[in-house]
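Remarks on the structure that follows.
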Amino acid sequence: MQYAIRRYFKIFIGVIGALVSGALIVSGLRGGSLPGFSRADLIAGVVYHDASQASQFWFTIFFWSVVCAGFIWLAWSAYRD
(Lines give C-alpha, C1' and ligand atoms only; values in the text may rest on other atoms or scores of the structure.)
Protein backbone atom coordinates (compact mmCIF):
# COMPACT_ATOMS: atom_id res chain seq x y z
CA MET A 1 0.00 0.00 0.00
CA GLN A 2 2.73 2.46 0.95
CA TYR A 3 4.70 1.58 -2.18
CA ALA A 4 1.70 2.46 -4.35
CA ILE A 5 1.24 5.81 -2.62
CA ARG A 6 4.93 6.64 -3.06
CA ARG A 7 4.77 5.58 -6.71
CA TYR A 8 1.75 7.74 -7.53
CA PHE A 9 3.24 10.66 -5.60
CA LYS A 10 6.40 10.47 -7.73
CA ILE A 11 4.30 10.35 -10.89
CA PHE A 12 2.27 13.36 -9.71
CA ILE A 13 5.37 15.38 -8.79
CA GLY A 14 7.05 14.48 -12.09
CA VAL A 15 4.06 15.51 -14.19
CA ILE A 16 3.47 18.76 -12.29
CA GLY A 17 7.18 19.67 -12.40
CA ALA A 18 7.40 18.93 -16.13
CA LEU A 19 4.29 21.00 -16.84
CA VAL A 20 5.51 23.99 -14.82
CA SER A 21 9.02 23.99 -16.24
CA GLY A 22 7.68 23.40 -19.76
CA ALA A 23 5.26 26.30 -19.37
CA LEU A 24 8.14 28.50 -18.20
CA ILE A 25 10.16 27.55 -21.28
CA VAL A 26 7.25 28.24 -23.63
CA SER A 27 6.44 31.58 -22.01
CA GLY A 28 10.10 32.58 -22.17
CA LEU A 29 10.36 31.71 -25.83
CA ARG A 30 7.11 33.46 -26.69
CA GLY A 31 7.78 36.58 -24.62
CA GLY A 32 11.51 36.81 -25.17
CA SER A 33 12.38 37.16 -21.48
CA LEU A 34 12.80 34.98 -18.39
CA PRO A 35 13.25 35.90 -14.72
CA GLY A 36 16.51 35.19 -12.94
CA PHE A 37 17.06 32.25 -10.60
CA SER A 38 16.85 33.93 -7.21
CA ARG A 39 13.92 35.36 -5.30
CA ALA A 40 15.67 38.73 -5.27
CA ASP A 41 15.60 38.72 -9.07
CA LEU A 42 11.85 38.19 -8.97
CA ILE A 43 11.35 41.00 -6.45
CA ALA A 44 13.71 43.41 -8.18
CA GLY A 45 12.30 42.54 -11.59
CA VAL A 46 15.57 41.26 -13.04
CA VAL A 47 14.81 39.45 -16.29
CA TYR A 48 17.02 38.11 -19.05
CA HIS A 49 16.02 39.23 -22.55
CA ASP A 50 16.86 37.27 -25.65
CA ALA A 51 17.93 40.39 -27.55
CA SER A 52 20.15 42.15 -24.99
CA GLN A 53 21.34 39.25 -22.78
CA ALA A 54 21.33 36.34 -25.19
CA SER A 55 23.78 34.04 -23.41
CA GLN A 56 22.05 34.32 -20.03
CA PHE A 57 18.64 33.89 -21.67
CA TRP A 58 19.62 30.75 -23.57
CA PHE A 59 21.43 29.31 -20.55
CA THR A 60 18.22 29.75 -18.55
CA ILE A 61 16.20 28.09 -21.33
CA PHE A 62 18.71 25.21 -21.37
CA PHE A 63 18.59 24.93 -17.57
CA TRP A 64 14.78 24.71 -17.51
CA SER A 65 14.89 22.19 -20.37
CA VAL A 66 17.17 19.94 -18.32
CA VAL A 67 14.87 20.36 -15.31
CA CYS A 68 11.86 19.45 -17.46
CA ALA A 69 13.66 16.35 -18.78
CA GLY A 70 14.50 15.35 -15.19
CA PHE A 71 10.88 15.61 -14.11
CA ILE A 72 9.76 13.63 -17.17
CA TRP A 73 12.30 10.94 -16.30
CA LEU A 74 11.05 10.86 -12.69
CA ALA A 75 7.43 10.42 -13.79
CA TRP A 76 8.31 7.83 -16.42
CA SER A 77 10.53 5.75 -14.14
CA ALA A 78 7.88 5.75 -11.40
CA TYR A 79 5.20 4.83 -13.95
CA ARG A 80 7.26 1.88 -15.25
CA ASP A 81 7.76 0.40 -11.76
Side-chain angles (χ1 to χ4, degrees):
M1 177 69 178
Q2 187 164 351
Y3 175 75
I5 293 171
R6 186 177 300 148
R7 178 178 172 235
Y8 289 121
F9 181 71
K10 284 182 181 180
I11 292 171
F12 177 74
I13 292 298
V15 168
I16 295 299
L19 287 175
V20 168
S21 57
L24 188 61
I25 292 167
V26 169
S27 71
L29 290 174
R30 288 184 75 204
S33 63
L34 281 172
F37 290 113
S38 69
R39 288 187 217 164
D41 290 344
L42 292 174
I43 293 169
V46 175
V47 293
Y48 299 129
H49 298 282
D50 61 346
S52 61
Q53 299 160 321
S55 62
Q56 292 94 340
F57 175 79
W58 288 109
F59 173 75
T60 308
I61 291 288
F62 175 74
F63 174 79
W64 287 114
S65 299
V66 170
V67 169
C68 184
F71 277 120
I72 291 171
W73 176 82
L74 175 68
W76 180 250
S77 67
Y79 175 75
R80 283 190 349 208
D81 283 345

Are [Y] and [X] linked, directly or through intermediate hydrophobic residues, by side-chain heavy-atom contacts shorter than 4.5 Å (ILVMFWY only)?
X	Y	result
Phe9	Ile16	yes
Val47	Val26	no
Phe12	Tyr79	no

Pick one: which of Trp58, Phe57, Phe62, Trp64 meets side-chain contact (heavy atoms from CB on, under 4.5 Å) with Thr60?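 Answer to the side-chain contact (heavy atoms from CB on, under 4.5 Å) test with Thr60 among Trp58, Phe57, Phe62, Trp64: Trp64.
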If you measure from CH2 on Trp73 to SG on Cys68, what distance do you get to the nearest 0.5 Å?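 The CH2 atom of Trp73 sits 14.5 Å away from the SG atom of Cys68.
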Quick one, [X] and [Y] - any side-chain contact, counting heavy atoms below 4.5 Å?
X	Y	value
Ile13	Phe71	yes
Ile25	Ser65	yes
Ile61	Leu34	yes
Trp76	Ile11	no

Provide the closest heavy-atom pair for [X] versus [Y] in the form atom of the first, atom of the second, distance.
X	Y	value
Asp81	Arg7	O-NE, 3.4 Å
Ile72	Ala18	CG1-CB, 3.7 Å
His49	Ser33	ND1-CB, 3.4 Å

